[in-house]
Amino acid sequence: MAKRSLAVQFDEVVQFMLVSLGPRPEASPHRELASLTRVAQVLRDLPREEFRASLKSDLQRRTSMSEGTAAARTEETKTKTVHYQRPGLTAITPYIIVRPAAQFMEFLKSCFDGIERLRMPAPDGSIMHAEVAVGNGAIEVSDGDEQYPTAPAETHLYVNDADATVQRALEAGATSVFPVADQPWGDRWGAVKDQFGNRWHIAKPGTWAQGMESVASVQPYLHLREAHKMIPFMEAAFGAENLGAHQSPEGKVLHGTMRIGNATLEIAEAYGEMQPMPCHLHIYVPDTDAVYARALEAGATSIEAPRNAPYGDRAAGVKDVWGNSWFIATYLGK
């Protein structure tokens, strides 16, 4: 019998205990689901259907993140020797264009323990391109220009101390979106908006994570209208893998994780304060030309056709129907 994923096993457990649908799940669930099963057993008799749906969504999110992290770690092991990614970057890196970029870099360094790795000034003194390492990930930064105007972004950060990190961000000028609190999926999480317009989801991972080194420190987070359509687009255009997209009864994506290479990003349906923020994403792939062609076939429009860039990448750019720009690259080893 084919081995079933944790997500499938967990869905059976939740369905059986919360809504009594489908066959009885395995008597001995996977060890990583045992703690979640006990929680569901305690709460299964709560009367409100909307609470049951909310509980199921929250627990599914935790399982998706745990399984996605494990899968990403496996992929990272596989790709440590690949040569199509520029050293120091993963397959997905947020490219944040805000002004003044130099002040934004100081914000990253003071609030998130960022380490400046690269700064390329333009003739007028603005920042043409910069890279700041944050944890085991990175954020690329620029002042932009007429072709690439400012585009704040939304990012999910995993840190050792969510409370202290949020407090530093607030002291540096950010405003609170959600206060830090323990979440049903196990994380201690809060959200802020900085003075440059970026939104930050800041979390300390729960017990589902096997140490900070097992978690991607930097993950782009896209709140979209009709977010469910992003899944087939990313699959067709970038060969992305859907690690788990949990939907409301109406079919809206409550939370989803998509993987490209050794990195992940998160998606969800826009709601309330979490409205779309068209942004820039830098992705490394084995074949820029092929991915560029597939992205156009999937409905994206061209920003720039593939070319050999002076910094050693085979590079191209496309814009999806939500307005996000994808900078596609293959490192040529130069």
Side-chain angles (χ1 to χ4, degrees), residues 89-108 111-112 114 116 118-122 124 126-132 134 137-157 169 172-175 177 191-202 218-227 230 233-234 237-238 258 260 263-270 273-284 292 295 299-304 309 311 313 315-329:
L89 297 179
T90 62
I92 310 173
T93 302
Y95 203 127
I96 301 180
I97 299 178
V98 292
R99 297 172 187 158
Q103 290 184 21
F104 174 57
M105 292 173 66
E106 293 305 312
F107 176 86
L108 296 178
C111 298
F112 308 139
E116 182 177 332
L118 175 68
R119 183 186 296 223
M120 299 174 61
D124 63 0
S126 63
I127 293 177
M128 182 185 304
H129 174 79
E131 295 175 9
V132 178
V134 176
I139 295 172
E140 295 178 283
V141 179
S142 174
D143 274 300
D145 54 26
E146 291 184 1
Q147 183 180 6
Y148 297 109
T150 56
E154 187 169 8
T155 308
H156 190 173
L157 298 181
T175 56
V177 178
V192 300
K193 184 175 183 178
D194 67 28
Q195 58 270 47
F196 308 93
N198 304 293
R199 285 199 299 256
W200 302 94
H201 299 256
I202 300 170
V218 180
Q219 294 186 87
Y221 202 150
L222 306 180
H223 278 92
L224 310 163
R225 294 188 179 89
E226 297 187 302
M230 176 60 83
F233 170 76
M234 288 187 63
F238 311 127
M258 303 294 294
I260 298 175
T264 54
L265 62 76
E266 298 171 83
I267 64 171
E269 188 71 23
E273 293 188 59
M274 298 299 163
Q275 291 301 307
M277 297 178 68
C279 63
H280 302 295
L281 298 162
H282 191 185
I283 63 172
Y284 274 95
Y292 172 80
T301 56
S302 177
I303 296 175
E304 184 177 46
Y311 45 85
D313 286 358
V318 298
K319 180 173 287 188
D320 64 33
V321 297
W322 294 270
N324 302 294
S325 299
W326 301 79
F327 302 132
I328 306 165

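Put simply, CE on Met234 and CG on Leu281 are 8.0 Å apart, with the number rounded to the nearest 0.5 Å. In this structure, the separation between OH on Tyr284 and CG on Leu89 is 5.5 Å, given to the nearest 0.5 Å. Here CZ of Phe238 is found 5.5 Å from CD1 of Ile328. Values are rounded to the nearest 0.5 Å. Atom CE of Met277 is separated from atom OG1 of Thr155 by 8.5 Å, given to the nearest 0.5 angstrom. The CD1 atom of Ile267 sits 9.5 Å away from the OH atom of Tyr221 when rounded to the nearest 0.5 Å. For the atom pair Asp124 CG and Asp143 CG, the distance stands at 8.0 Å (nearest 0.5 Å).
When all heavy atoms are compared, the tightest approach of Pro278 to Asn324 is CA-OD1, 3.4 Å. Nearest heavy-atom pair, Gly299 versus Val321, reported as atom, atom and distance to 0.1 Å: O-CG1, 3.8 Å. Ala237 and Ala295 get closest at one heavy-atom pair: CB-CA, 3.6 Å. For Val318 against Ile303, the heavy-atom pair with the smallest separation is O-CD1, 3.3 Å. The minimum heavy-atom distance linking Ala130 with Arg119 is given by the pair CB-CA, 4.1 Å. Between Pro149 and Ile97 the shortest heavy-atom distance is O-CG2, 3.6 Å.
Using bins of under 30°, 30° to 60° and over 60° for the plane-to-plane angle, the ring pair Tyr148/Phe327 lands in the perpendicular bin. Ring orientation note: the planes of His223 and His201 are close to parallel, at an angle under 30° on the 30°/60° scale. Ring geometry for Trp200 versus Phe112: interplanar angle of 30 to 60°, hence tilted.
Of the candidates Arg199, Glu266, Gln275, Arg199 is the only one forming a side-chain contact (heavy atoms from CB on, under 4.5 Å) with Glu154.
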Inset, instruction - Under the side-chain contact (heavy atoms from CB on, under 4.5 Å) rule, what do Val218 and Leu157 come out as? Steps first, then yes or no, please. - result: CA-CA 5 Å; Val218 180; Leu157 298 181; 3.9 Å; yes
Inset, instruction - Begin with the C-alpha distance, continue with both residues' side-chain angles, and end with the deciding distance and a verdict on side-chain hydrogen bond (donor to acceptor under 3.5 Å, both in side chains) for Ser302 and Tyr292. - result: CA-CA 8 Å; Ser302 177; Tyr292 172 80; 2.6 Å; yes
Inset, instruction - Any chance you could lay out the side-chain contact (heavy atoms from CB on, under 4.5 Å) test for Met258 and Met230, step after step, and finish with the verdict? - result: CA-CA 10 Å; Met258 303 294 294; Met230 176 60 83; 5.8 Å; no
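Side-chain contact check for Pro152 versus Asn198: some heavy-atom pair is nearer than 4.5 Å.
Between the side chain of Asp194 and the backbone N or O of Ala174, no donor-acceptor pair lies under 3.5 Å. Side-chain N or O atoms of Ser142 include one that pairs as donor or acceptor with a backbone N or O of Met128 at under 3.5 Å.
Using modelled atom types and a 3.5 Å distance limit, the side chains of His129 and Glu131 yield a donor-acceptor pair.
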